[in-house]
K.L.:
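After the structure tokens below, expect a handful of questions from me.
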Amino acid sequence: MSGFNKVVASYDEALAGLADGMTVMVGGFGLCGIPEGLIQKVKEMGTKDLTCISNNAGIDGFALGMWLENRQIKTMISSYVGENALFEKLFISGEMEVILTPQGTLAEKIRAGGAGIPAFYTATGYGTEVAKGKDTREFDGRNYVLEPSLTSDYSLVKAWKGDTMGNLVYRMTARNFNPMMATAGRITVAEVEEIVEPGELDPNNIHTPGIFVQRLIKGSFEKRIEQRTVRSA
Amino acid sequence: MSGFNKVVASYDEALAGLADGMTVMVGGFGLCGIPEGLIQKVKEMGTKDLTCISNNAGIDGFALGMWLENRQIKTMISSYVGENALFEKLFISGEMEVILTPQGTLAEKIRAGGAGIPAFYTATGYGTEVAKGKDTREFDGRNYVLEPSLTSDYSLVKAWKGDTMGNLVYRMTARNFNPMMATAGRITVAEVEEIVEPGELDPNNIHTPGIFVQRLIKGSFEKRIEQRTVRSA
Amino acid sequence: MALNREQIAQRVASELRDGYYVNLGIGIPTLVANYIPEDIDVMLQSENGLLGMGPFPLDDEVEPDLINAGKQTVTAITGAAYFSSAESFAMIRGAHVDLTVLGAFEVDQNGSIASWMIPGKLVKGMGGAMDLVAGTDNIVVTMTHASKSGQSKLLESCTLPLTGVNCIHKVVTDLAYLEIHDGAFHLRERAPGVSIDEIREKTAGQLIVEGEVPEMRLG
Amino acid sequence: MALNREQIAQRVASELRDGYYVNLGIGIPTLVANYIPEDIDVMLQSENGLLGMGPFPLDDEVEPDLINAGKQTVTAITGAAYFSSAESFAMIRGAHVDLTVLGAFEVDQNGSIASWMIPGKLVKGMGGAMDLVAGTDNIVVTMTHASKSGQSKLLESCTLPLTGVNCIHKVVTDLAYLEIHDGAFHLRERAPGVSIDEIREKTAGQLIVEGEVPEMRLG
């Protein structure tokens, strides 16, 4: 299907059009389920003044940690950044704006952005710093905060398999933020472990339908582990 | 797993506690993906004054059409009821209150109910009768309507397979409203075509995790077709 | 001569582009699927939870679990995906569908549309129509230009309960293709053999005719 | 004697009931999984997208795609399910999780909790903690009763940035099990050998002691 072949041949093509000052969502939880090749490419491109929306900020020297080193991020929207010393430094020094957002609220803001919901109420964060400057309202005797949605110019997501039409499936907990970010990108680029032909993925079990995906590239993944924790036999 | 065995042996047990005046969500789109045995049982129980939330209202004499005949519904919340002559009669005569709700807004209100979101904004219905009496607000130059969420006392859903722990998968377009309703029920009862052992469903492809399901029953299904439409070979 | 249903569908089909995700409403819009140009591919979205809707099934392929938004039995093409109603309307509301085609009772010169209710007469509900008109800028409304008794359906202001306000920009009727902007209908094409005078006569809302108005090319 | 981390976890484990879906935070809460009574089953929810978390993997089972919310490699039990972060927090925010256990820097007599930030010193973010405390009524906070320098963490009013307001009803410390309601800490159990006086001394918020306060039973 000519018009539905989303496969691109190079990272250049995958990220064509990405420019300084844009908003970029990056999938993953810690180092699990991150689009490694796309992150590396953005580092090489040196794109600057990015607003980056990602649950975490990588680790020193790897993943989004590379964008930090390169000073490519102007504003970071995350829920947890504890794994990254450079991050704390840039934050505390004011070199980078940081908008800490509760994890569930972050996930819902991104889902809402993809689903055409401009804002929603949540009890999360009511009465805390997160609610400062935001509208609040009582429903049924409980207080809620109005949270606006998030969208992106580019969403960089990582999937397990993708067919050429952009249908995606994720694996285990590498799913995390990727499906919502795929829906919220003006241009969504999916980096996958394997590209398959249409029909090879079970239509009943597509996690992200191809309508949300503009470009698809086969990546290769190091899959670094942050906290290798084992038990003895 | 003792505490996680959701299987009940009878429809009596499946619907134990259902009482007059309660709010009941019923899955399905037209006659596709409806919990046939549970609907039949509620008809037999004669439970009255129900607020019924379902995309459609069945057809004359079958599915929710039986609850209409039995005058069991006080208020019906649906998006489309064109298949049912008795429905129109009860509506126009005022015997039954009807809250017509746009299909996407209905789906989202139910999802929100299950997800702890008390209300959200949508552009759908702005400037129409649907928005009457509701708060509106402008975001980015466009007008939106505030829609409160929906929850139920009982959600009656239909799935293809369920494991004994309540994990569910749906089949083709019989999924429709069932997954959201499963999340929005104080008590969610799932009627399935087949009960399997835990581990038989792929954990990567569970459509409704068991946390949302309180009771599970094996049903048998007629699967009546509303508009049999074929092409010639 | 006024177009028949098939010809209206044919004209709408020329709005399709390769790679479009398209939602087709019930009635004439459904027929558009029969006129997709051979050199392009489109994916049909059915709001009950299917992307990649195929033709009606053969008699021995009929599957009760697989229907379209009109409750008709259908098939799914290779590369299709099933999903819930919430996900389906996330696609629609989130503006991921490239083109929506739907019918209407009335459209007015400000782009408002009435398509779901005739008070005291017809109470079927809006289904997904309100979400569809709110979800994309690219909507084509198909309808007859006037009722059988000759009453225009292209009005200054809709008289029936609205489906959406200021959202329609393209209308294909049995007489014409018109665009709506700046508070007026702009006549862009005439059905073959239909005069501008006839269109003018059957358009109650403000009609703007600029320059030569070509005849439609069908198929 | 004050409880150690394992004993705190043990005491929390007695709050578990057969059939509970449970979210365990990072640190002491994670240890609770080691003390689930043998006659009951619970399902552990990990907010990064797993229901049915199992023990840490054997060395040759380690799987980078399968981690918990603390980014540790884990396993999944039979009957587990994976899902997105949005679905995970739909479970949490929608009050489908029966019990949440999490750590804190401070808790006050009105049930407010501070657990995510020490201004100018520690900037890690709240992760899922704000959602978790907003999502269920049944929360157990685990913490030491006082800092190493002896400063109470059970306060009249939290001094650090809050994670949630008026949401905590149960606290297990190294010295006691307390319930919070009506603007006060209610002492329910003492750690074995710990005196009421010591607890009183290390509780800065209002402490109510009614009747005989039994010693905890561990395991």
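Reminder, nothing fancy here: chain letters follow the sequence lines and each chain counts from 1. Just so it is clear, the values below take in all heavy atoms, side chains as well, and ignore hydrogens, waters and symmetry mates.
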K.L.:
With no hydrogens and no angle check, just 3.5 Å: does a side-chain donor-acceptor pair link B:N176 and C:S85?
P.N.:
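There is no such pair between these side chains.
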K.L.:
So which of C:A114, C:A69, C:S46, C:C167 has the biggest tally of heavy-atom pairs under 4.5 Å with chain B?
P.N.:
C:A69
K.L.:
For C:D60, I'd like to know if atom CG has over 12 heavy atoms of other residues, nucleotides or ligands within 6.0 Å.
P.N.:
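Yes - once you tally the heavy atoms of other residues, nucleotides and ligands closer than 6.0 Å, there are more than 12.
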K.L.:
Which atoms of C:T163 come close to chain B, meaning under 4.5 Å heavy atom to heavy atom: side chain ones, backbone ones, both, or neither?
P.N.:
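For C:T163, backbone heavy atoms alone lie under 4.5 Å from chain B.
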K.L.:
Taking side chain as C-beta onward, heavy atoms only, is C:Y82 less than 4.5 Å from B:H207?
P.N.:
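Result no, sub-4.5 Å side-chain heavy-atom pair not found.
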K.L.:
Between CG of B:L100 and CE of C:M130, what distance do you get to the nearest 0.5 Å?
P.N.:
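If we round to the nearest 0.5 Å, B:L100:CG and C:M130:CE are 9.0 Å apart.
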K.L.:
Against chain C, work out which of B:G104, B:C32, B:A174, B:S78 has the most heavy-atom pairs shorter than 4.5 Å and name it.
P.N.:
B:G104
K.L.:
Using non-hydrogen atoms only, which part of C:E61 is less than 4.5 Å away from chain B: side chain, backbone, both, or neither?
P.N.:
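Just the side chain, heavy atoms under 4.5 Å.
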K.L.:
Hey, which of B:G33, B:G30, B:P102, B:S232 has the most heavy atom pairs under 4.5 Å with chain C?
P.N.:
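Maximum pair count with chain C is reached by B:P102.
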K.L.:
So which residue, B:N55, B:T101, B:N84, B:V98, ends up with the most heavy-atom pairs under 4.5 Å with chain C?
P.N.:
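The option with the most such pairs is B:T101.
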K.L.:
Which is it for C:K71 and B:N56 under the side chain to side chain contact (heavy atoms under 4.5 Å, CB included) test, yes or no, and what are the steps along the way?
P.N.:
CA-CA 11 Å; C:K71 281 121 188 169; B:N56 314 90; 3.0 Å; yes
K.L.:
Relative to chain C, which segment of B:R224 carries a heavy atom at a distance below 4.5 Å: side chain, backbone, both, or neither?
P.N.:
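Contact with chain C involves no heavy atom of B:R224 at all.
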K.L.:
Report which part of C:I92 has an atom under 4.5 Å of a heavy atom belonging to chain B: side chain, backbone, both, or neither.
P.N.:
neither
K.L.:
For C:F56 and B:V230, work out which heavy atoms get closest and say how close.
P.N.:
CB-C, 3.9 Å
K.L.:
Non-hydrogen atoms of chain B under 4.5 Å away: do they reach the side chain of C:N68, the backbone, both or neither?
P.N.:
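For C:N68, the backbone is the part near chain B, not the side chain.
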K.L.:
Between atom OG of C:S84 and atom CZ of B:F29, what is the distance when rounded to the nearest 0.5 Å?
P.N.:
13.0 Å
K.L.:
Shorter than 4.5 Å, heavy atoms on both sides: which option in C:V165, C:V133, C:V74 has the most such pairs with chain B?
P.N.:
C:V165
K.L.:
Name the option with the most non-hydrogen atom pairs under 4.5 Å to chain B; the candidates are C:S88, C:A80, C:G127, C:A90.
P.N.:
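When all of C:S88, C:A80, C:G127, C:A90 are compared, C:G127 has the most.
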K.L.:
Can you tell me how far the OG1 atom of B:T128 sits from the CH2 atom of C:W116, to the nearest 0.5 Å?
P.N.:
7.0 Å
K.L.:
Mind checking the CG-CZ spacing from C:L58 to B:R231? Nearest 0.5 Å is all I need.
P.N.:
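The distance works out to 4.0 Å.
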K.L.:
Top residue by heavy-atom pair count (under 4.5 Å) with chain B, among C:A134, C:P57, C:G49, C:G125?
P.N.:
C:P57
K.L.:
Does CG belonging to C:D137 count more than 12 external heavy atoms closer than 6.0 Å?
P.N.:
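For C:D137, atom CG is not crowded (no more than 12 foreign heavy atoms under 6.0 Å).
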K.L.:
Look at B:Y80, B:F87, B:F177, B:Y126 and state which one has the largest set of heavy-atom pairs under 4.5 Å with chain C.
P.N.:
B:Y80
K.L.:
Less than 4.5 Å apart, any side-chain heavy atom of B:V130 and any of C:M126?
P.N.:
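Touching, per the 4.5 Å side-chain cut-off.
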K.L.:
Shorter than 4.5 Å, heavy atoms on both sides: which option in B:W160, B:Y170, B:F221, B:F91 has the most such pairs with chain C?
P.N.:
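Option with the top pair count is B:F91.
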K.L.:
Determine whether more than 12 heavy atoms belonging to other residues, nucleotides or ligands lie under 6.0 Å from atom CD of B:Q227.
P.N.:
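Enclosed: over 12 neighbouring heavy atoms sit under 6.0 Å from CD of B:Q227.
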K.L.:
How long is the straight-line distance from CD1 of B:I225 back to CD of C:Q72, given to the nearest 0.5 Å?
P.N.:
12.0 Å
K.L.:
Specify the closest pair of heavy atoms between C:E63 and B:M172, including all atoms of both residues, with the distance to one decimal.
P.N.:
CG-SD, 3.5 Å
K.L.:
Taking C-beta and beyond as the side chain, do B:Q103 and C:D131 meet within less than 4.5 Å on heavy atoms?
P.N.:
yes
K.L.:
Of all of C:T75, C:L50, C:N48, which one pairs up most often with chain B through heavy atoms under 4.5 Å apart?
P.N.:
C:N48
K.L.:
Under the criterion salt bridge (Lys or Arg N to Asp or Glu O under 4.0 Å), I'd like the reasoning laid out for C:E87 against B:R111: C-alpha separation, chi angles, the key distance, then a yes or no.
P.N.:
CA-CA 10 Å; C:E87 291 167 272; B:R111 181 197 173 272; over 6 Å; no
K.L.:
Is B:R228 close to C:V62 at the side-chain level, that is, under 4.5 Å between some pair of heavy atoms?
P.N.:
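They are in side-chain contact.
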